[in-house]
Protein chains: 2
Amino acid sequence: MEKIDRRAEIILKAVVEEYVRVAEPVGSRTIAKRIPLNISSATIRNVMSDLEEMGYLYQPHTSAGRIPTSEGFRYYVDRLMEVKELGAEEKEAIAGTIESAEGDALGVLKEASRLLSDMIRQACIVIAPGPDRMILKHISFVRLSKEKMLVILVGKSGLIQNRVFAYDEEISQAELDRISNYLNAEIVEGKTIQEIRAHIVRELKRDRARYDRLMKRALDFSERVVSQSAENVIVEGQTKVFEQPEFVENLERLKQVMRSFEEKSVLLKLLDSTLLSEGVQISIGAENALEEFKDMSLVAAGYRRSDSTLGTIGVIGPVRMDYGVVIPFVEYTAQVLSRIFEEK
Amino acid sequence: MEKIDRRAEIILKAVVEEYVRVAEPVGSRTIAKRIPLNISSATIRNVMSDLEEMGYLYQPHTSAGRIPTSEGFRYYVDRLMEVKELGAEEKEAIAGTIESAEGDALGVLKEASRLLSDMIRQACIVIAPGPDRMILKHISFVRLSKEKMLVILVGKSGLIQNRVFAYDEEISQAELDRISNYLNAEIVEGKTIQEIRAHIVRELKRDRARYDRLMKRALDFSERVVSQSAENVIVEGQTKVFEQPEFVENLERLKQVMRSFEEKSVLLKLLDSTLLSEGVQISIGAENALEEFKDMSLVAAGYRRSDSTLGTIGVIGPVRMDYGVVIPFVEYTAQVLSRIFEEK
DNA sequence: TATTAGCACTCTCAAGTCAAGAGTGCTAAT
DNA sequence: ATTAGCACTCTTGACTTGAGAGTGCTAATA
């Protein structure tokens, strides 16, 4: 990213902010009025022309104003943006609403994303903690039919994951109950699936486990469940994209976006990288790996318990987004979620 | 609904079918060519003018062709429509896909609605069985914190419902486990919540139940859970509305529809009446009680086990819908679902 | 040398005009 | 009762036009 001189920065900043506000190409005269430097529109035109050459701005056509490119937004976000601090009332509103959400962890996450979506008027997505990261509280086995059984995992935070799986041997509910009880009493509490697996392996090695076949099964199962699944993706406020002129003007685009929201596995891919990183992640336009989102931006942050990331909450919207406002909101919401999951 | 003579019926039928096909006002000449009667376009114009007066057709403006009104569609559905029989391959495809769906009952329902949505290219909604109608297989209590506990109900069909609820007395997980075991062993299997409630009440009266406080709680709880909740609504193929010209041409409308899909409680209200009725329910345009859907149609059918309705599967689309095709698809899908839930 | 005033030029957008096409309603003939 | 024929209406798309916004360039200025 090419460095630009101070005056150009001020102008770029003004262009970005004005464009975010009005969603239309902004001209040199507008900028001249907007910035405190006493500079004529002609000079600004020259600077803007330079910025265009450097790839930070572009003109939709000659004799229109200019629009920041993704690179322009990136420069803005990295070096020019002033992040707005959240006010005490705002913080209170967020924390209060989320903390008083009723229901299980999923309910809390839904409430959080709805709130976030409403406050910043963009679509919001959340990845709920997957079974692999869950610290377990309880496990139940239920026999559904001769070949099928159901496993229900209850996480520390009240999050429930369940999977049906086939078992090739007749087994009674009574026996399953005994196994559930044994596991719950001796193993489950406070461990993750991986730890339980390790434990079972140790037990099996000592050759004293009465239910070794089942345990082996449970092992297989836990391996199969490890990956994130699209069921853990929550989307709220998807219709907020209808408020954005950039989508409304392009119906094909709108349709594509809505389809992505429907096909949640796509979103999972999009947020994948965020799961690994610290802090607020921002990807702008083409920085997104996925074709479908190449003209959208994502602002996301992970929420965590102690040192392991549980999931991600993020905002998806057009590249023209008020990052200075969105970022602190996302950041704080993720913090609140972390706090809640820490306590639970 | 006013009766019309045979010739007018043939013309109305032709107008409806042509309009369904092309989504544009249809003119007298088109009809003249389309129907086997040897009638001139002028005569047809006269008949159409009559039909308009009776409220079955209307003109968007003078000198355009005509469009069937909701009443026109209603007349068509009630008296003129030929319902297309499903072919063996189609039936096979539906039954096969749904039966081989993996996962729990929710997975089956999702698969079914996705399939239906894809086949008839309309949005599809399903109401999953609520906890009140569930025949239980298993029940678990999990202590989440001092004040909160989680109840997990597993239905016969593998459907899971869970609720967090507050309990104002410290209680250990071990004790909860004992209670779960007791309930599972003696009561739960094959009963509905109502029946269990009755059983508990009897036990309590006999004054022998050790866990009477908890049981009272469970009673309260089961009362609270009885109503259908928006969480049981599945929507698949919502973006199918983007294929319909009537919505694409009216963005405001499109937005409203998408919002209804998001706000699932609205859909619950819409389908409410269907839960009570037998067979395929069709409501056209303004027949829908809800303002939001006054220019859409709903074709829905309940699925059931023995004599109690479990839920509903339905298709939502523009009034201009090929009812003759949609109806048998919805009907058969509901049948397959009933069969699956019967077996399970 | 950097800035700026001034101006010609470009492009979009909305409004207006026009002709073609589709379809009707009416009348008069069959 | 039906229909041929025709005038009339309304939409639609193409085209034109003028206003407005904004630029790039040039020449003057500090």
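Below, read A as the first sequence line, B as the second, and so on, with proteins coming before strands; counting in each chain starts at 1. All values reported here derive from a predicted model rather than from experimental measurement.
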| task | Without swapping roles, check the side chain of B:S117 against the backbone of B:Q122 for a donor-acceptor pair under 3.5 Å. | result | yes

| request: Please figure out whether B:H61 or B:N38 has its closest DNA chain D nucleotide nearer the 5' end. | output: B:N38

| message | Measuring from atom CG of A:L37 to atom CD1 of A:I10, what distance do you get when rounded to the nearest 0.5 angstrom? | response | 4.5 Å

| message | Need the pair for C:dT17. Rule: Watson-Crick or G-U wobble, both distances under 3.5 Å, any strand; none if unpaired. | response | D:dA14

| query | Starting at CD1 of B:I44 and ending at C1' of D:dA4, how long is that distance when rounded to a whole Å? | reply | 14 Å

| Quick one: is B:T43 getting a side-chain N or O under 4.0 Å of the D:dT3 phosphate, OP1 or OP2? | yes

| query | CG/B:L80 to CD1/B:I4 distance, rounded to the nearest 0.5 angstrom? | reply | 6.5 Å

| said: Looking only at side-chain N and O atoms, does B:R121 offer a donor or acceptor that is under 3.5 Å from a partner on B:Q244? | reply: no

| field | Base-contact (B) and sugar-phosphate-only (S) positions in nucleotides 19-30 of chain D, heavy-atom cut-off under 4.0 Å, - elsewhere | value | --BBBB------

| For C:dA28, the Watson-Crick or wobble partner whose two distances fall under 3.5 Å | D:dT3

| Between A:R253 and A:Q256, do the side chains contain an N or O donor and an N or O acceptor separated by less than 3.5 Å? | yes

| said: Using Watson-Crick or G-U wobble geometry with both distances under 3.5 Å, which nucleotide pairs with D:dG22? | reply: C:dC9

| Which distance, rounded to the nearest 0.5 Å, do you find between the CD1 of B:I327 and the CD1 of B:I282? | 3.0 Å

